[in-house]
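Beneath this line is the structure, given in structure tokens, with notes to follow.
First the proteins, then the strands, lettered A, B, ... as listed; each starts at 1. All values reported here derive from a predicted model rather than from experimental measurement.
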Amino acid sequence: MKMSQLFTRTSKTAPADEQAKNAQLLIKAGFIHKEMAGVYDYLPLGSIVLNKIIQVIREEMNAIGGQEIFLSALQPKDNWEKSGRWHDDAVDVWFKTRMHAGEGYHLGPELGLGNTHEEALTALMRNFIKSYKDLPSYPYQFQTKFRNELRSKSGIMRCREFIMKDLYSFSRDQAQHDKFYEKTKQAYLKIFERLGLGDITYLTFASGGSFSKFSHEFQTITDIGEDTIYVHEGKRLAINKEVYTDEVLADLGVAKEELVEKRAVEVGNIFTLGTRFSEPLELTFTDENGDVKPVIMGSYGIGPGRIMGTIVEHFADDKGIVWPKEIAPARVYLASVGVSDQVVKVADELYKILSEANIEVLYDDRDARPGEKFADADLMGIPYRVVISEKTVAHNRCEIKTRTAQEAQLADASDVIKMVAA
RNA sequence: CGGGGUGUGGCGCAGUUGGCUAGCGCGCCUGGUUUGGGACCAGGAGGUCGAAGGUUCGAGUCCUUUCACCCCGACCA
């Protein structure tokens, strides 16, 4: 991609109405735009990053048998009444609206904008799950969730509209459920590893429900987090403050002295639902003996947008964003310095060579001064910066440096390909 | 929803106790000079001061109402 064609621009000043580092940097760099409190637009570069995060999650969900679907955001109220979650006393984050009823402004049936999809999917699966042979099944989606938070905050970390990956497991019995539950745990850990958050993300024990003692959260250590957790570094686990009791400590075989209190953000969670939804929504199957039984369910969420914000918070330095390679909007920031025909020609050529080697390049071909280009390269957090200037052209080389390195080094185009591909 | 704070060109800000054609920096447009860490000169466009109402000869400055945004708390992926 060429900077001269990118419609967004960077800003020297952070917006006054954002306090959170993630929002300040993402807006300065032109990755996102704020529509209103807790509602953000993703611009070209932000969209690329978000989709890369989504792709990592997608690959890992597919690897454990997930089948991608895409459910509607508009929800009829029937299913929610069956589960008892339509009433505002039960769920206080509803955005509700109504259909039209004929001409004019007559109000028709009530609708809700989905804040989660247990009800919708459970009802849907009644059409397909009839027999034990239909189980297990693992549909998942990346969907916009709407939650009318009392207070959105922390930039893109707590939004009223946000993308969530939600997978739901449908199993015939507890054993089958437990097996998959363990698999998702590992898949989740792998996801955070791939996204560069492995070291600071902990499997965290949190409150369960009627069907399990615990649910499991994936908590990433960050100051901007809203949760307090107690980390056991040796065992790579943590305990959410909400279940931090002597009994739980004994259960998990950890001593108080081994735990360290930290602030963290919940980037994912997995939850055993049991028959919480299959019973009221009558999702049942017939087993080998002809017995009709309710399906055992689980739900597994991850917030790609929240992960994006967390990554910005964690890796950013005083110059701007620092993206991990796997999700950076481009691998290389190619900057031409100077406007001589030679420089432009060599930079254009290198852009072509890198592109043909399938290396994603953000090519700063603008007629701008070097300082501005370097500052933007840093702000946007591209992993490698490659510079073509009179000096480098004279040596028939180019200059390369990583985002966080102090010094650059000279290299051939072939070296560059090798270095950035690693 | 309780407490605190803020709304002035696209962005960041200034604007004394009400006073004259509402300023500054960045960005933008035109021309020129520049090109290794956000250049410089000259010229130019763009705002009725969140909105509504009121007080006054006169309101960005005062009053009322209202909307929006940020932070803390409570609540929540």
Side-chain angles (χ1 to χ4, degrees), chain A residues 7-20 23-24 27-28 30 33-39 88-94 114-118 143-166 204 206-207 215-220 224-227 240 242 264-271 299-307 309-310 318-320 335-340 342-344 364 366-380 385-394 398-399 401 406-408:
Chain A
F7 73 75
T8 57
R9 64 172 70 250
T10 58
S11 167
K12 283 188 199 175
T13 50
D17 69 347
E18 293 284 5
Q19 168 91 3
Q24 289 197 343
I27 291 172
K28 273 179 75 174
H33 175 258
K34 184 184 207 167
E35 198 62 47
M36 58 183 125
V39 180
D88 292 324
D89 290 344
V91 172
D92 64 356
V93 294
W94 271 118
N115 50 73
T116 180
H117 281 78
E118 281 88 359
Q143 234 284 351
T144 302
K145 307 296 187 195
F146 297 90
R147 296 188 184 177
N148 199 353
E149 299 284 350
L150 238 44
R151 179 185 164 208
S152 64
K153 57 183 283 198
S154 309
I156 62 172
M157 306 292 276
R158 170 168 297 287
C159 291
R160 297 199 164 94
E161 175 182 335
F162 60 98
I163 296 266
M164 182 159 116
K165 185 284 297 179
D166 43 333
T204 303
S207 56
S215 68
H216 293 89
E217 297 172 341
F218 294 81
Q219 294 273 4
T220 303
I224 203 174
E226 301 176 341
D227 293 331
N240 194 307
E242 66 189 18
V265 60
E266 184 183 346
V267 287
N269 78 329
I270 59 178
F271 207 95
S299 70
Y300 312 80
I302 283 189
R306 179 174 279 188
I307 287 174
T310 303
D318 57 344
K319 290 179 178 148
S336 57
V337 164
V339 292
S340 75
Q342 261 306 303
V343 166
V344 171
D364 194 343
R366 299 172 299 177
D367 178 10
R369 296 176 64 88
E372 189 175 350
K373 294 190 177 188
F374 297 157
D376 280 346
D378 289 340
L379 175 61
M380 291 181 179
R385 190 189 76 192
V386 173
V387 174
I388 300 296
S389 69
E390 300 286 359
K391 273 193 290 187
T392 66
V393 167
C398 56
E399 181 191 289
K401 107 173 191 32
Q406 294 300 314
E407 300 295 329

Trace of the side-chain contact (heavy atoms from CB on, under 4.5 Å) decision for A:R158 with A:R306:
CA-CA 7 Å; A:R158 170 168 297 287; A:R306 179 174 279 188; 3.6 Å; yes
Walk me through it: do A:I388 and A:V393 pass the test side-chain contact (heavy atoms from CB on, under 4.5 Å)?
CA-CA 7 Å; A:I388 300 296; A:V393 167; 3.8 Å; yes
side-chain contact (heavy atoms from CB on, under 4.5 Å) between A:T310 and A:M157: does it pass, once the steps are laid out?
CA-CA 8 Å; A:T310 303; A:M157 306 292 276; 3.3 Å; yes
Could you check A:E266 against A:N240 for side-chain contact (heavy atoms from CB on, under 4.5 Å), going step by step and ending with a plain yes or no?
CA-CA 10 Å; A:E266 184 183 346; A:N240 194 307; 5.8 Å; no
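Atom pair A:R158:CZ and B:C71:P shows a separation of 12 Å (rounding to whole Å applied). Note: CZ (A:F146) to C1' (B:C76) measures 18 Å, nearest angstrom. The NZ atom of A:K401 sits 11 Å away from the C1' atom of B:G37 (whole-angstrom rounding). Taking atom CG of residue A:D227 and atom C1' of nucleotide B:A77, one finds them 10 Å apart after rounding to whole Å. Between A:Q24 atom CD and B:C69 atom P there is a gap of 17 Å when expressed in whole angstrom units. If you measure from atom NZ of A:K28 to atom C1' of B:C26, you get 12 Å, rounded to the nearest angstrom. Rounded to a whole Å, the CE atom of A:M36 is 11 Å from the C1' atom of B:A68. Rounded to an integer number of Å, the gap from CG of A:L150 to P of B:A74 is 12 Å.
One N or O on the side chain of A:K165 and one on the backbone of A:Y300 form a donor-acceptor pair closer than 3.5 Å. Under a 3.5 Å cut-off, the side chain of A:Q24 and the backbone N or O of A:E18 do form a donor-acceptor pair.
If you check every strand for non-hydrogen atoms under 4.0 Å, A:E226 touches a base. As judged by a 4.0 angstrom heavy-atom cut-off over every strand, A:E149 is placed among the base-contacting residues. A:N115 comes within 4.0 angstrom of nothing in the nucleic acid, heavy atoms only. Among the protein residues, A:S299 comes within range of no part of the nucleic acid, since none of its heavy atoms lies under 4.0 Å from any strand. Residue A:D166 is out of contact with every strand shown, counting any heavy-atom pair closer than 4.0 Å. Nucleic acid contact for A:A375: base, since at least one base atom lies under 4.0 Å from a heavy atom of the residue. At a threshold of 4.0 angstrom between heavy atoms, the contacts of A:V337 include nucleobase atoms, whether or not backbone atoms are also involved. Counting any heavy atom pair closer than 4.0 Å across all strands shown, A:G303 reaches no nucleic acid atom.
Residue A:F271 comes nearest to A:S215 through the heavy atom pair CD1-CB, 3.3 Å, listed as atom of the first residue, atom of the second, then distance. The two atoms that bring A:V265 and A:Q219 nearest to each other are C-OE1, 3.0 Å, heavy atoms only. Among all heavy-atom pairs drawn from A:R160 and A:A37, the shortest one is NH1-O, 3.2 Å.
B:G31: Watson-Crick or G-U partner is B:C41, with both key distances under 3.5 Å. Pairing of B:U6, defined by two Watson-Crick or G-U wobble distances under 3.5 Å, is identified with B:A68. Base pairing annotation: B:G25 forms a Watson-Crick or G-U wobble pair with B:C11, both donor-acceptor distances under 3.5 Å. Shown here, B:C62 forms a base pair with B:G54; the pair counts as Watson-Crick or G-U wobble because both key distances fall under 3.5 Å. Within the shown strands, B:C1 is the pairing partner of B:G73 under the Watson-Crick or G-U definition, both distances less than 3.5 Å.
In this structure, A:K34 reaches the B:C70 phosphate: one of its side-chain N or O atoms is under 4.0 Å from OP1 or OP2. For the OP1/OP2 pair of B:A39 and a distance below 4.0 Å, the side-chain nitrogens and oxygens of A:R369 include at least one atom meeting the criterion. In terms of phosphate contacts, A:R151 brings no side-chain nitrogen or oxygen within less than 4.0 Å of OP1 or OP2 of B:C70.
The distance from the NZ atom of A:K373 to the OG atom of A:S336 is 3.0 Å, given to the nearest 0.5 Å.
Residue A:P370 has its side chain nearest to B:U35 when only B:A77, B:U35, B:G27 are considered. Of all nucleotides listed (B:G36, B:U34, B:C69), B:C69 comes nearest to the side chain of A:D17.
Atom name P, nucleotides B:G32 and B:G37: the rounded distance is 25 Å, in whole Å. With both ends at atom C1', the span from B:U65 to B:G23 equals 30 Å, rounded to whole Å. B:U6 sits 15 Å from B:U17 when the P atoms are compared, rounded to a whole Å. If you take atom C1' in B:C11 and the same atom in B:U16, they sit 27 Å apart, rounded to whole Å. Comparing B:G43 with B:G4, their C1' atoms are spaced 47 Å from each other, to the whole Å. Taking atom P on both nucleotides, B:A51 is separated from B:U61 by 10 Å, rounded to a whole Å. Nucleotides B:A45 and B:G27 place their C1' atoms 13 Å apart, quoted to the nearest Å. Here, B:G46 and B:U30 have their C1' atoms 15 Å apart, quoted to the whole Å.
The base of B:G37 sits within donor-acceptor range of the side chain of A:R385, with an N or O pair under 3.5 Å. For B:G36, the base has no donor-acceptor partner in the side chain of A:E390 [N/O atoms by modelled type, under 3.5 angstrom].
Residue-to-nucleotide proximity on RNA chain B shows that, of A:R147 and A:R366, the 5′-proximal contact is made by A:R366. Annotation: of the two residues near RNA chain B, A:R160 and A:T10, the 5′-most nearest-nucleotide partner is A:T10.
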Per-nucleotide protein contact string for nucleotides 44-50 of chain B, where B marks a base within reach and S marks sugar-phosphate only (heavy atoms under 4.0 Å, - for neither)
-------
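Put simply, the side chain of A:I156 does not reach to within 4.5 Å of the side chain of A:F162, judged on heavy atoms.
Side-chain contact, A:S389 with A:E399: no donor N or O sits under 3.5 Å from an acceptor N or O. Looking only at atom types and distance, the side chain of A:T116 has a donor-acceptor partner in the side chain of A:E118 under 3.5 Å away.
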Between protein and nucleic acid, restricted to nucleotides 3-11 of chain B and to nitrogen or oxygen atoms under 3.5 Å apart, what atom pairs and distances do you find?
from, atom 1, to, atom 2, distance (Å)
B:C11, O2', A:T13, OG1, 2.7

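Stacking between A:F374 and B:G38 is absent: the ring centroid is not both under 5.5 Å from the six-membered base ring centre and under 30° in plane angle.
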